[in-house]
Amino acid sequence: MMKNKNYSIFGRILSIINNDYPPYVSKNFSDNVMKNIHTNGYSKTSKFKTPLNIAASLFFAMITTYALISLEPIEKNTVAQEIIEKDNDLIKRVIDDSSCKELHNKEGNPDNECK
Amino acid sequence: MIIEEDDEIIRQCLSGDTDSYKYLVQKYQFRIINTCYKYTKNIIDAEDVAQEVFLKAYQNLSTFKSSSKFYSWLYRIAVNTSLNYINSKEKRKEKETISEENCLIDMNISNDNPKDYYQLNELVNKLQPLMDNLPDDLKRLVELYEIKDLTYDEISKELSIPIGTVRSRLHRARNMLISEFKKIDDEE
């Protein structure tokens, strides 16, 4: 408080000896400036800034890890399903192939599409 | 120490002590508001523009080069901000109307709430004797550093004394002025 007073006094001395002073200055001018600095988030002091950043980083790292771990079985399932689908294709082909054979046996001429 | 050097305060601000910035605001508010007042022609607008000046300076504090004086840097920001303010006002084509309105506001300020405002013109006659009572070497230093705006290095060369001596004598002069000022200023 005392220190504040000294700067304000010295400010007035400086402006008077330089003949550089306005008619009036609000006594709460410096408080308003500081309030603006704090409310607009310009403050570099934010005591919780660094710990908050660290906590946020850790939080997102944990979420990412959890998401990666929980996604893994789903991927496995997808691969398994693909294989089954391929198998189904093979089965279909076999069926198609046999029907061609049947046609071949009946008509004696092999169909070009069955080749 | 009653008054710390600007460089020291800036270092404190940059290392995270935002509240130290208030010392710079208190030290230079009167001169910066007056600089803005020369452009805006009314004290309410001048305080608004000056507030913007101190915010801009705070935001760009890391770009300030300690080789120059903080006030010179702040003064340049004040002039640019005031010019921007005038230009934006001209664009709105309200210049004359607003000035007339605010001249009336200026006149009312002193009458309505005199305790909420510093009125420096009342102190002018009281301060001169304080300067006159300073020892000649200290008075010369105050003139060179605070009025002619020379740096420590320039004063050291001009007076052929070490920079450390310039600093310590200026420090003594400031303390003497502040102590004497407290005695005459019944507002504080």
Side-chain angles (χ1 to χ4, degrees), chain A residues 1-70, chain B residues 1-4 13-19 21-31 33-38 43 46-47 50-51 54-55 58-59 61 71 106 109-110 114-121 123-124 126-128 130-131 142-143 146-147 174-175 177-178 181-182 185 187-188:
Chain A
M1 188 65 191
M2 191 64 199
K3 205 175 171 184
N4 276 346
K5 225 175 178 183
N6 289 333
Y7 282 95
S8 175
I9 290 173
F10 192 59
R12 275 180 281 164
I13 294 172
L14 280 183
S15 62
I16 291 170
I17 62 174
N18 279 287
N19 199 23
D20 188 10
Y21 55 90
Y24 309 101
V25 172
S26 305
K27 283 187 177 174
N28 59 0
F29 177 81
S30 59
D31 290 329
N32 290 340
V33 172
M34 295 312 292
K35 208 186 286 173
N36 248 324
I37 286 174
H38 288 296
T39 51
N40 287 331
Y42 298 140
S43 175
K44 293 181 174 86
T45 13
S46 224
K47 286 171 188 165
F48 302 106
K49 209 175 179 180
T50 316
L52 261 180
N53 284 343
I54 295 168
S57 308
L58 282 173
F59 177 72
F60 283 111
M62 280 167 68
I63 284 185
T64 314
T65 315
Y66 176 76
L68 284 172
I69 292 167
S70 55
Chain B
M1 187 179 277
I2 289 182
I3 293 284
E4 282 173 347
C13 291
L14 292 175
S15 63
D17 182 8
T18 306
D19 293 334
Y21 189 66
K22 191 174 183 181
Y23 303 139
L24 292 173
V25 179
Q26 287 180 323
K27 190 173 169 184
Y28 295 116
Q29 58 183 339
F30 305 97
R31 295 182 74 185
I33 290 171
N34 195 43
T35 303
C36 300
Y37 181 65
K38 285 172 188 165
I43 200 66
E47 285 199 4
Q51 193 156 138
F54 281 108
L55 286 176
Y58 182 79
Q59 282 177 286
L61 208 55
Y71 176 71
D106 279 4
I109 283 171
S110 59
K115 283 188 176 178
D116 294 340
Y117 293 88
Y118 291 114
Q119 296 186 31
L120 284 88
N121 51 352
L123 295 167
V124 176
K126 292 178 183 175
L127 190 73
Q128 196 50 50
L130 300 187
M131 279 294 283
V142 171
E143 283 168 0
E146 307 292 7
I147 301 173
R174 285 170 184 161
N175 287 356
L177 282 172
I178 290 169
F181 191 89
K182 280 177 181 169
D185 185 23
E187 277 180 16
E188 292 296 325

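Source: prediction; values computed, not measured. Chain identifiers are assigned alphabetically (A, B, ...) following the order of the sequence lines, protein sequences preceding nucleic acid strands; residue numbering begins at 1 within each chain.
- Side-chain contact between A/Asp31 and B/Lys22: present, with at least one pair of heavy atoms (C-beta onward) separated by less than 4.5 Å.
- Between A/Ser15 atom OG and B/Tyr118 atom OH the span is 11.0 Å, to the nearest 0.5 Å.
- Between A/Ser30 and B/Gln29, the shortest heavy-atom contact is N-OE1, 3.8 Å.
- When side chains are defined from C-beta on, A/Phe29 counts as touching B/Phe54, because their heavy atoms get closer than 4.5 Å.
- The cationic group of A/Lys27 does not satisfy the cation-pi geometry with B/Tyr117, failing either the under 6.0 Å distance to the six-membered ring centre or the 45° limit from the ring axis.
- The parts of B/Ala50 that come within reach of chain A are both its backbone and its side chain, each placing non-hydrogen atoms under 4.5 angstrom from that chain.
- Looking only at side-chain heavy atoms (C-beta outward), B/Ile43 and A/Pro23 come within less than 4.5 Å of each other.
- Put simply, the side chain of A/Ser26 reaches to within 4.5 Å of the side chain of B/Glu47, judged on heavy atoms.
- Ranked by heavy-atom pairs under 4.5 Å with chain B, the list A/Asn19, A/Val25, A/Ile16 is led by A/Val25.
- Within a 6.0 Å sphere centred on NZ of B/Lys38, heavy atoms belonging to other residues, nucleotides or ligands number more than 12.
- The side-chain contact (heavy atoms from CB on, under 4.5 Å) test with B/Val142 singles out one residue from A/Ile13, A/Leu14, A/Ile17, and that residue is A/Ile17.
- Contact check for A/His38 versus B/Asp19: side-chain heavy atoms found under the 4.5 Å cut-off.
- Of the inter-residue distances, the one linking B/Thr18 atom OG1 with A/Met34 atom CE reads 6.5 Å to the nearest 0.5 angstrom.
- In this structure, the portions of B/Leu177 lying under 4.5 Å from any heavy atom of chain A include both its backbone and its side chain.
- Atoms CG and CG, on A/Asp20 and B/Asn34 in that order, are 4.5 Å from each other to the nearest 0.5 Å.
- At a threshold of 4.5 Å between non-hydrogen side-chain atoms, the residues B/Gln26 and A/Phe10 do not count as touching.
- Atoms CG and CD, from A/Asn18 and B/Glu143 in turn, are 10.5 Å apart once rounded to the nearest 0.5 Å.
- Checked against a 6.0 Å centroid threshold, the rings of B/Phe30 and A/Tyr21 do not count as neighbours.
- For the residue pair A/Asn36/B/Gln51, the side-chain donor-acceptor check at 3.5 Å is satisfied.
- Within the 4.5 Å cutoff, no side-chain heavy atoms of A/Asn6 are placed close to those of B/Glu4.
- Counting heavy-atom pairs closer than 4.5 Å to chain A, the top residue among B/Ile33, B/Asn121, B/Leu130 is B/Ile33.
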